[in-house]
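Take a look at the structure set out below.
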Protein chains: 2
Amino acid sequence: MSVTERRELLFAAAVRVLERDGLAALSTRAIVAEAEMSLASFHYAYETHEQLLVEIIAATIDGELSAGLAGLGDAAARTPREAIHGALTSYLELVRADPGREQGMFELTQHALRRPTMTALAADQYAKYHAAAAELLDHVAKRFEVTWSVPTADLARLVIAMTDGLTLAWLTSRDDEAAARLITLTTDALLAHLEDS
Amino acid sequence: MSVTERRELLFAAAVRVLERDGLAALSTRAIVAEAEMSLASFHYAYETHEQLLVEIIAATIDGELSAGLAGLGDAAARTPREAIHGALTSYLELVRADPGREQGMFELTQHALRRPTMTALAADQYAKYHAAAAELLDHVAKRFEVTWSVPTADLARLVIAMTDGLTLAWLTSRDDEAAARLITLTTDALLAHLEDS
DNA sequence: GTCTATAGCCGGATAGAC
DNA sequence: GTCTATCCGGCTATAGAC
């Protein structure tokens, strides 16, 4: 087996363990067991356990972005409200479909914030979240020929803060109706800063 | 030393370790070292390590509430906008003054969500957050003789989601100006649902 | 290359001396 | 009651057989 193939298998196994059992259970032993390998073979692909963690954080950033906010580009939306409401709703669907995944993201962020060598990763993670949200807000403005009366960089932070808060609220309560109302309130908050060009 | 006194000392030491070093470092050994006790004496006050964790989660809920949203009752505020903006700002000050504390809260929530025996605690935690936020929104409405056009229970979820999102944004970026703008946007979002009685 | 076996450390919990 | 010493298990990492 090639080193790169082994890395990919271990990486995929690690993501499964993280989502299913949480970061606290993401030991080297759990990973190789999930990948059905021997313990020693882990270090043939990765130097240290922490190195895999770093790679997971870095990689999950991009995946999260494309999946979570893909709904914003939804071609079926006929108004800015539909576009934004639909995007937030499709994000919530993602959380509902795989709660462990979003929980794993939070755990990774918290973990990174606690280690000096990894805090930059957490900062990068959120910088990319904000950039992606801003890009999609710009996309909505362009598509519907409207303009945001507040810098999209600021509105993007509002979007990300709300998705984080929405996720935590749903994870702790599992209340779909309350989450739907929260999405509507968030949509209202964003649309208040939209004006015709 | 009485059992209750020992419990209090261990509890306080555990909170210090949690805030300073994080949940992952909150071992029984670390706690007794912080409290300057022997290892065995821990189990004279608490049956298990998990029992202390449960107690910390339960107790920190109330403390967080009273401290975090105390600004909403600020007597100096002369308008609803000042009251809400001031409350969110004073909450952010709390986060800035003690980032480790808020991080510890997130870590406890994530931890509780992963163990079946503790998920109810996380649900209680957020239910109490929401109830407290609703109560304070009601307080603002009463004091300034205005009414909320949306159930305060729903607006309360918006408040809590935003404080969570705001906290994560600040923890990852340490950007005070961006946080201030986020607070202004949040204040706007809430005031949009305020009308004269 | 790949495995078994193990070193060395830290974890929670407890036995037993005093 | 309070401590030291220890059990036992899980952890990361690596040595060494093949």
Side-chain angles (χ1 to χ4, degrees), chain A residues 1-58 104 107-108 110-112 114-118 121, chain B residues 1-58 104 107-108 110-112 114-118 121:
Chain A
M1 183 185 297
S2 75
V3 174
T4 57
E5 184 184 1
R6 188 178 293 279
R7 280 176 76 96
E8 286 168 11
L9 288 176
L10 283 170
F11 183 91
V15 170
R16 287 197 300 276
V17 172
L18 171 65
E19 295 179 3
R20 192 205 321 128
D21 303 325
L23 182 58
L26 190 64
S27 65
T28 309
R29 284 175 146 88
I31 295 167
V32 296
E34 175 77 22
E36 292 179 330
M37 291 181 195
S38 71
L39 179 57
S41 61
F42 178 90
H43 296 282
Y44 181 72
Y46 289 97
E47 268 193 23
T48 66
H49 179 254
E50 178 169 340
Q51 186 180 315
L52 172 59
L53 267 195
V54 170
E55 201 154 298
I56 286 185
I57 295 178
E107 289 166 342
L108 287 177
Q110 297 302 319
H111 179 82
R114 286 289 189 187
R115 348 250 134 192
T117 62
M118 286 190 174
L121 274 176
Chain B
M1 184 185 297
S2 76
V3 174
T4 58
E5 184 183 2
R6 189 178 292 279
R7 279 175 78 97
E8 286 168 11
L9 288 175
L10 283 170
F11 184 91
V15 171
R16 287 197 300 273
V17 172
L18 170 65
E19 295 179 2
R20 191 204 322 130
D21 303 325
L23 182 58
L26 190 64
S27 64
T28 309
R29 286 177 148 86
I31 294 168
V32 296
E34 176 76 21
E36 293 179 328
M37 291 181 196
S38 70
L39 178 57
S41 61
F42 178 91
H43 295 282
Y44 181 72
Y46 289 97
E47 266 191 26
T48 66
H49 178 254
E50 178 170 341
Q51 187 181 316
L52 172 57
L53 268 195
V54 170
E55 200 154 300
I56 286 185
I57 296 179
E107 289 166 341
L108 287 177
Q110 298 302 318
H111 179 81
R114 286 290 189 187
R115 345 252 135 190
T117 61
M118 287 191 175
L121 273 177

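In what follows, every chain begins at residue 1, and chains take the letters A, B, ... in the order their sequences are listed.
Nucleotide dG12(C) holds its P atom 13 Å from the CG atom of Leu10(B), rounded to whole Å. In this structure, CD1 of Ile31(A) is placed 12 Å from C1' of dC11(D), rounded to the nearest angstrom. Atom CZ in Phe42(A) sits roughly 7 Å away from atom P in dA13(D) (whole-Å rounding). Going from atom CD of Glu50(A) over to atom P of dC11(D) covers 17 Å, rounded to whole Å. Following rounding to the nearest Å, Arg29(B) (CZ) and dT14(C) (P) show an atom-to-atom distance of 13 Å.
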For nucleotides 2-4 of chain D, which of its nitrogen or oxygen atoms have a protein nitrogen or oxygen under 3.5 Å away, and what is each distance?
from, atom 1, to, atom 2, distance (Å)
dT2(D), OP1, Met1(B), N, 3.0
dT2(D), OP2, Arg6(B), NH2, 2.8
dT2(D), O5', Arg6(B), NH2, 3.4
dC3(D), OP2, Ser38(B), OG, 3.2

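In this structure, His111(B) contributes its side chain and Ala24(B) its backbone to no donor-acceptor pair below 3.5 Å. A donor-acceptor pair is defined here as one N or O able to donate and one able to accept, closer than 3.5 Å; such a pair exists between the side chain of Glu107(A) and the backbone of Leu23(A).
Summarising the geometry, atom NE2 belonging to His49(B) is positioned 11.5 Å from atom CD belonging to Gln51(B); distances are rounded to the nearest 0.5 Å. Of the inter-residue distances, the one linking Leu108(B) atom CG with Leu53(B) atom CG reads 7.0 Å to the nearest 0.5 angstrom. In this structure, the separation between CZ on Phe42(A) and CZ on Arg7(A) is 9.5 Å, given to the nearest 0.5 Å. Atoms OH and CG, from Tyr46(B) and Leu52(B) in turn, are 5.0 Å apart once rounded to the nearest 0.5 Å.
For the pair Val32(B) and Leu10(B), the minimum side-chain heavy-atom distance is below 4.5 Å.
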Inset, instruction - Apply salt bridge (charged side-chain N to carboxylate O under 4.0 Å, His left out) to the pair Arg115(A) and Glu50(A), showing each step before the final yes or no. - result: CA-CA 11 Å; Arg115(A) 348 250 134 192; Glu50(A) 178 169 340; over 6 Å; no

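Among the atoms of the strands shown, only primed sugar atoms or phosphate atoms (P, OP1, OP2) are found under 4.0 Å from some heavy atom of His49(A).
In terms of position on DNA chain D, the residue among His43(A) and Ala30(A) whose nearest nucleotide sits closer to the 5' end is Ala30(A).
Direction of the helix axis in the helix from dG1(C)-dC18(D) to dC18(C)-dG1(D) shifts by 30° between the two five-pair termini, rounded to 10°.
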